[in-house]
Amino acid sequence: MKKLKYCLSGLALSVAASVSQAAEVEVLHYLTSSGEAAAINVLKEYLSESGHAWKDFAVAGGGGESAMTVLKSRAISGNPPAAAQIKGLDIQEWGDLGFLTDLDDVAMAGKWDSLLPPVVSKVMKYDGKYVAVPVNVHRVNWLWANPEPFRKAGLGIPTTWEQFLEVAPKLKEAGVIPLAHGGQAWQDATLFEAVALGVGGPEFYTKAFVDHDEATLKGAEMINVFKTFKKLRDFIDPNASGRDWNIATSMVINGEAAMQIMGDWAKGEFTAAGKKPGVDYVCLAAPDTSGTFTFNIDSFAMFALSDDEASKAQDKLAELVMDPAFQETFNLNKGSIPARMGMNRAPFDSCALASMDAFEASSASGTLVPSVAHGLATTSQVQGAIYDVVTNFFNSDTSAEDAVETLARSVKAAQL
Amino acid sequence: MQNQTPVLPNGKAQRIRSVSFKDRFASWLPKLVMTPTLLMVMVCMYGYIIWTALLSLTSSRMLPVWKFIGTGQYGKLFANDRWMVSLENLVVFGALFILTCLALGIVLAIFLDQKIRAEGALRTIYLYPMAISFIVTGTAWKWLLNPSLGLEKMFHSWGFENVQFDWLVDPDRVVFCLVIAAVWQSSGFVMAMFLAGLRGVDQDMIKAAQLDGASMPLIYRRVILPSLKPVFFSAFVILAHIAIKSFDLVAALTGGGPGYSSDLPANFMYTHAFTRAQMGLGAASAMVMLGGVLAILVPYLYSELRGKKNA
């Protein structure tokens, strides 16, 4: 009995000692699918090796909507986590509310300015100071194709929308669903932004969705975009309504459908099914967008903490996220490419390498554009307004002319 | 109450004092017991109603901000196509849901009331869907109504190739799918209410009518149903508020789709207040919903209270 007591008190002491040395970093994230969980586990291990504790705060739900709801309630109650997975312009919103802490010391020491492409670092900064740290860059404008149906029908995989509209009816005749799609607002928007970028080009895209120029939003080019977008409706099976994106991807994997337009997270599904890029499936830029790159960056924003020890642990976390070893393992698991430059390219597959090349090329030529569907181009209010117009147009008989008028009106209303 | 009176050993004076204490305690006890509940209701319901009302007059986005902008959010709300669609859906869904539930409930109750065999078992079967959450109902009906998985596929594989039942993916008809699932869930409950009402009808009145030579349908129409008026009212109020607060059914069955063609006001409110960082707009839509509930409840309460006074 006495022995047990000694043991227990010894244990308690050692626990107390370890707590006093290392602070805990609570991280709110929604990286809960199997590939993502494996990816985030790497960070957990690195952090505990550095002597700090990781307190996991995972809220499931792909788009992070539930996670954001939880984060808001925690922030209002004055008890935000140390770090949270926030991306795009939401970082600016949190910055405006005064919740974020500045990471310039870590950034300076780690030379982030020279490691991150300016497009990425701009998203991570609030008021000129780093408040968030990027984990990856996703390319959204990908076309995933199963070459089998094309081979059978004697067709080529389309690289322009013109070709797409030629090939798709033939695939349909051959009994294959030309385009796998899920009828959810964000997927409709993902498809829409690919069409907008392909048909209108990057300049038009930026003017409409980043600057919200009213004339562009209801101009002739936008009507054109909507008309092309509506044509795709015929090449989607009628039961797409409400389908999840990964179910749509599996339709391409098993040859039920020929193509899908989806970000590079779809690659994880192909990999999990044991398929090889270039052999069992083909990754191409979405039609007419080969020189461009629609980016979606996942990042962790750091919240201001009162405890000094905890702040130190938080800085350590930021430092580790930028570590090449973490960026490599994380992105191999998630299907995206590292956010920082100067990485070893050897472990990545052909699709990821193509993505890296396109990222660098488009970054140099100014054709790198933020994704509307994933909250990088605009605030959640405007994004929501665009979602509503796009998804309603795609699922009703509204004319393209009416749709662009509504688009211009709702975008304006959402900015107020 | 008995347990709480202190046990007194002896002495008359003490006893008198203790009785008065006991009396005072007894008169205070109900108030004491009610206070926590009352406080909770005042703060958590009425307090937050006022808070939401104030919030709907501000320009709040992601978090509450107390910058008042008047009724701007309401103007924005009624200029929003999605909100108008959700209101329209609520009218169609509410009307069809309430009417079908009432009709089915009465018919089932009358049939069950014919002193049939195994009534208990049948009653349980009809009532059982009520025990399931709308999320489960929605998911199950999503599979049943999905053209490539459920009923349509079943008929096709039985050889009826012409059967078409694709309401779930048809933006113009998807609301009817909501009605089907909601009616399936709630009509058994309405049946139970009417069954209880039928059992309470005075048997002598029915016998008297029978002696006068009235037929059974006539007795139901002229004697029994009119005496069930209070049940009608209660069922209506319960169904109306189920309809207005419907959120989970839409979330599980259609996700608001295709597009936003099956959105209901509650879904609109959730999306805007919590995921789209438009708290002011969300609060405004919540207030409009509250207005809808009050429009039904106030006349009902009024007639109830007046009825009691007269009686």
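The shown structure was predicted, so the numbers you read here are calculated from the model rather than taken from an experiment. Protein chains get the first letters and strands the later ones, always in sequence-line order, with residue 1 at the start of each.
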Next on the checklist: Given A/Ser241, which partner from the list B/Ser262, B/Pro258, B/Pro171, B/Pro147 fulfils the side chain to side chain contact (heavy atoms under 4.5 Å, CB included) test?
Outcome noted: B/Pro258
Next on the checklist: Just so I know, are the side chains of B/Arg82 and A/Asn392 near enough to count as touching, which here means a heavy-atom distance under 4.5 Å?
Outcome noted: no
Checklist entry - For the candidates B/Ser148, B/Gly256, B/Gly255, which exhibits the highest count of non-hydrogen atom pairs separated by less than 4.5 Å from chain A? => result B/Ser148
Checklist entry - Taking atom CG of A/Asn239 and atom CG of B/Asp166, what is their separation to the nearest 0.5 Å? => result 8.0 Å
Item to check | A/Arg233, CZ: over 12 other non-hydrogen atoms inside 6.0 angstrom | outcome: yes
Item to check | A/Thr406 versus chain B, the contacting section by heavy-atom distance below 4.5 Å | outcome: side chain
Next on the checklist: Using side-chain heavy atoms (C-beta onward) and a distance below 4.5 Å, is A/Tyr387 in contact with B/Thr271?
Outcome noted: no
Item to check | Atom CG of A/Asp397: over 12 foreign heavy atoms under 6.0 Å | outcome: no
Item to check | Part of B/Asp81 lying under 4.5 Å from any heavy atom of chain A | outcome: side chain
Next on the checklist: Tell me if the CZ atom of B/Phe68 is crowded by more than 12 foreign heavy atoms within 6.0 Å.
Outcome noted: yes
Checklist entry - Hey, which of A/Ile76, A/Asp96, A/Asn395 has the most heavy atom pairs under 4.5 Å with chain B? => result A/Asn395
Next on the checklist: Looking at B/Glu88, I'd like to know if its CD atom is crowded, meaning that more than 12 non-hydrogen atoms belonging to other residues, nucleotides or ligands lie closer than 6.0 Å.
Outcome noted: no
Next on the checklist: Can a donor-acceptor pair be found, under 3.5 Å and without considering hydrogens, that links the side chain of A/Lys72 to the backbone of B/Phe274?
Outcome noted: yes
Checklist entry - Quick one: what part of B/Ser261 sits under 4.5 Å from any heavy atom of chain A, side chain, backbone, both or neither? => result neither
Next on the checklist: Taking NZ in A/Lys230 as the centre, count heavy atoms belonging to other residues, nucleotides or ligands within less than 6.0 Å. Is the count above 12?
Outcome noted: yes
Checklist entry - With a 4.0 Å cut-off, would you call A/Asp388 and B/Arg276 a salt bridge? => result yes
Checklist entry - Is B/Phe78 atom CZ crowded by more than 12 heavy atoms from other residues, nucleotides or ligands, each under 6.0 Å away? => result yes
Checklist entry - Within a reach of under 6.0 Å around CE of B/Met40, are more than 12 heavy atoms found that belong to other residues, nucleotides or ligands? => result no
